[in-house]
Amino acid sequence: MIKSKPIMSFLLLMGFFIFSSCQQHQKVTVLKLGHSLAPTNSVHKAMVYMGKRLEKLSGGTMKLEIYPSSQLGGESQCLELLQIGSLAMTKVSAAALEGFAPEFQVLSLPYIFKDKAHAFKVLDGPIGQGMLKQAQKFWLRGLCYYDAGSRSFYTKDTPINSPDDLNGLKIRVMKSKTAVEMVKLLGGSPTPISFGELYTALQGGVVDGAENNPPSFYLSHHYEVCKYYSLDEHTMVPDVLLISTIVWNKLTPQQQKWLQEAANESVPVQRKLWAESEKESLAAVKKAGVKIIHPDKEPFRDKVKGMYEQYKNDSTLYSLIKRIQAVDTLKLSGDKGGE
């Protein structure tokens, strides 16, 4: 992963040159947004809504062009294109930002959030909003978070009722050191593989299972191969909508305001669509013959407790963990962050 000065091959640069990030057509600013999700995903639908709101807020002077399904490359490629300003916007998992801003490691910690209400309170408050700006020195600026639900284990042949059932199993994880460490502590063998290659890897036995949220499990058709889905809900890693700082800095203050407002307005829309998608996805995979398991989460929590202590020597990250844990979801909604 690129951390400071992005090194792009000539072919990559030329291959995507035609997809310039910000074009001026008769005084209309066009921002190109590429991501890896399908058009049926709630995140994509929220982006479409954001595009409509941006066009309306700007009086037709700003537009989004959205390219789903990895048309412009996977997460890594889109991040690289943002860094050089050849693509305006993309969506990545917060885990993908660990190499750019260490603070994002914390969002990938298992059971860092008590529940979804707690996660939203943290992300919408000063903690989460402050983190969105942490990768600017790498030419990446966060605009908002999208709900990516809870990640749980799904496997081909072995039902996961407890961490002991993960022993010896090769489990696909994202390219995140936090995810790798988590699966190791739970007894599995973490295997980083790109999401686009996972179906074939599951089918061919390269891995025995993976972990993801219900809509991703369903929409990826991984349920056709994996017949056990254990809802241990170990992480709630959000998605992050990013813009290239190179592109952002070319926008006027008013254009920046319109874009940020449109992004903010798309968040509740996405969350509503996501909640509906989760229910529909679980019902669909169950109908397809997948056994849904509801394990006791405490043994999973106990196995990964040590991950928190590893941060004790890093005062910044350990303090961030404590601040997140201290956020009180029982406070009035008018309290912005509950630090």
Check whether any side-chain heavy atom of [X] lies under 4.5 Å from a side-chain heavy atom of [Y], and answer yes or no.
{"X": "Gln77", "Y": "Leu72", "result": "no"}
{"X": "Lys116", "Y": "Asp147", "result": "yes"}
{"X": "Tyr146", "Y": "Ser42", "result": "no"}
{"X": "Glu278", "Y": "Pro215", "result": "yes"}
{"X": "Val206", "Y": "Glu197", "result": "no"}
{"X": "Leu54", "Y": "Lys63", "result": "no"}
{"X": "Glu98", "Y": "Met174", "result": "no"}
{"X": "Phe217", "Y": "Ser152", "result": "no"}

Looking at [atom1] of [X] and [atom2] of [Y], how far apart are the two atoms once the value is rounded to the nearest 0.5 Å?
{"X": "His294", "Y": "Tyr229", "atom1": "NE2", "atom2": "OH", "result": "10.5 Å"}
{"X": "Leu107", "Y": "Thr178", "atom1": "CG", "atom2": "OG1", "result": "9.5 Å"}
{"X": "Lys156", "Y": "Leu202", "atom1": "NZ", "atom2": "CG", "result": "7.0 Å"}
{"X": "Thr316", "Y": "Ile321", "atom1": "OG1", "atom2": "CD1", "result": "11.0 Å"}
{"X": "Ser281", "Y": "Glu276", "atom1": "OG", "atom2": "CD", "result": "11.5 Å"}
{"X": "Tyr111", "Y": "Glu233", "atom1": "OH", "atom2": "CD", "result": "8.0 Å"}

Return the minimal non-hydrogen interatomic distance between [X] and [Y], and the atom names on each side.
{"X": "Ser220", "Y": "Ser216", "value": "OG-O, 2.5 Å"}
{"X": "Cys78", "Y": "Gly73", "value": "SG-O, 3.6 Å"}
{"X": "Ser244", "Y": "Gly85", "value": "OG-CA, 3.8 Å"}
{"X": "Lys177", "Y": "Gln105", "value": "CE-OE1, 3.4 Å"}
{"X": "Ser162", "Y": "Phe300", "value": "C-CZ, 3.7 Å"}
{"X": "Pro110", "Y": "Tyr308", "value": "O-OH, 2.6 Å"}

Counting only heavy atoms not in [X] (residues, nucleotides, ligands), do more than 12 fall under 6.0 Å from its [atom1]?
{"X": "Asp296", "atom1": "CG", "result": "yes"}
{"X": "Lys291", "atom1": "NZ", "result": "no"}
{"X": "Lys133", "atom1": "NZ", "result": "yes"}

In terms of hydrophobic clusters joined by side-chain contacts under 4.5 Å, are [X] and [Y] together?
{"X": "Ile193", "Y": "Val92", "value": "no"}
{"X": "Val304", "Y": "Leu231", "value": "no"}
{"X": "Ile171", "Y": "Val207", "value": "no"}
{"X": "Leu64", "Y": "Leu273", "value": "no"}
{"X": "Val285", "Y": "Ile160", "value": "no"}

Without swapping roles, check the side chain of [X] against the backbone of [Y] for a donor-acceptor pair under 3.5 Å.
{"X": "Gln134", "Y": "Met131", "value": "no"}
{"X": "His118", "Y": "Ile324", "value": "yes"}
{"X": "Trp248", "Y": "Ile243", "value": "no"}
{"X": "Thr90", "Y": "Gly34", "value": "yes"}
{"X": "Asn213", "Y": "Ala148", "value": "yes"}
{"X": "Ser189", "Y": "Lys170", "value": "no"}
{"X": "Ser266", "Y": "Met50", "value": "no"}
{"X": "Lys121", "Y": "Asp328", "value": "yes"}
{"X": "Gln129", "Y": "Leu123", "value": "yes"}
{"X": "Asn41", "Y": "Ala38", "value": "no"}

Taking it one step at a time, do Leu166 and Val183 satisfy side-chain contact (heavy atoms from CB on, under 4.5 Å)? CA-CA 8 Å; Leu166 286 164; Val183 171; over 6 Å; no

Worksheet item: Stepwise, does the side-chain contact (heavy atoms from CB on, under 4.5 Å) test hold for Gln260 with Lys257?
Response: CA-CA 5 Å; Gln260 185 65 67; Lys257 183 179 178 181; 6.0 Å; no

- Task: Evaluate the salt bridge (Lys or Arg N to Asp or Glu O under 4.0 Å) criterion for residues Glu211 and Arg172: first the C-alpha distance (whole Å), next the side-chain angles of each, then the deciding distance (0.1 Å), finally the verdict.
- Result: CA-CA 7 Å; Glu211 48 89 48; Arg172 179 267 176 180; 5.1 Å; no

Practice problem: Assign the ring pair His234 / Phe153 to parallel, tilted or perpendicular, where the plane angle (0 to 90°) is split at 30° and 60°. | Solution: tilted

| query | Could you give all pairs that pass the salt bridge (charged side-chain N to carboxylate O under 4.0 Å, His left out) test and reach residues 43-54, with sequence neighbours left out? | reply |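 Counting only pairs at least two positions apart or across chains, the salt bridge (charged side-chain N to carboxylate O under 4.0 Å, His left out) contacts touching residues 43-54 are Arg53-Glu265.
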
TODO: Please report the C-alpha distance between Val240 and Phe104 in whole Å, then the side-chain angles of each, then the deciding distance to 0.1 Å, and finally whether the side-chain contact (heavy atoms from CB on, under 4.5 Å) criterion is met.
DONE: CA-CA 11 Å; Val240 184; Phe104 279 93; 4.2 Å; yes

Check against salt bridge (Lys or Arg N to Asp or Glu O under 4.0 Å), Asp124 and Arg271:
CA-CA 13 Å; Asp124 294 343; Arg271 288 178 181 174; 2.9 Å; yes

### Task
Just do the salt bridge (Lys or Arg N to Asp or Glu O under 4.0 Å) check on Lys184 and Glu181 with the steps written out, would you?
CA-CA 5 Å; Lys184 282 182 179 179; Glu181 179 66 16; 5.2 Å; no

Exercise: do [X] and [Y] side chains pair donor with acceptor under 3.5 Å:
{"X": "Thr245", "Y": "Gln136", "result": "no"}
{"X": "Tyr49", "Y": "Gln270", "result": "no"}
{"X": "Tyr218", "Y": "Ser277", "result": "no"}

| request: Compute the centroid of each ring, for Phe195 and then for His222, and state whether the two points are separated by less than 6.0 Å. | output: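 Centroid distance Phe195-His222: below 6.0 Å, so yes.
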
Test side chain to side chain contact (heavy atoms under 4.5 Å, CB included), reference Leu242, set Leu132, Leu87, Leu79, Leu143, output is Leu79

task = Kindly determine whether Tyr199 and Val225 satisfy side-chain contact (heavy atoms from CB on, under 4.5 Å), including the steps that lead there.
result = CA-CA 8 Å; Tyr199 187 98; Val225 184; 3.9 Å; yes

Excluding Tyr228, membership of its hydrophobic cluster (Ile, Leu, Val, Met, Phe, Trp, Tyr; side-chain heavy atoms within less than 4.5 Å) reads Ile293

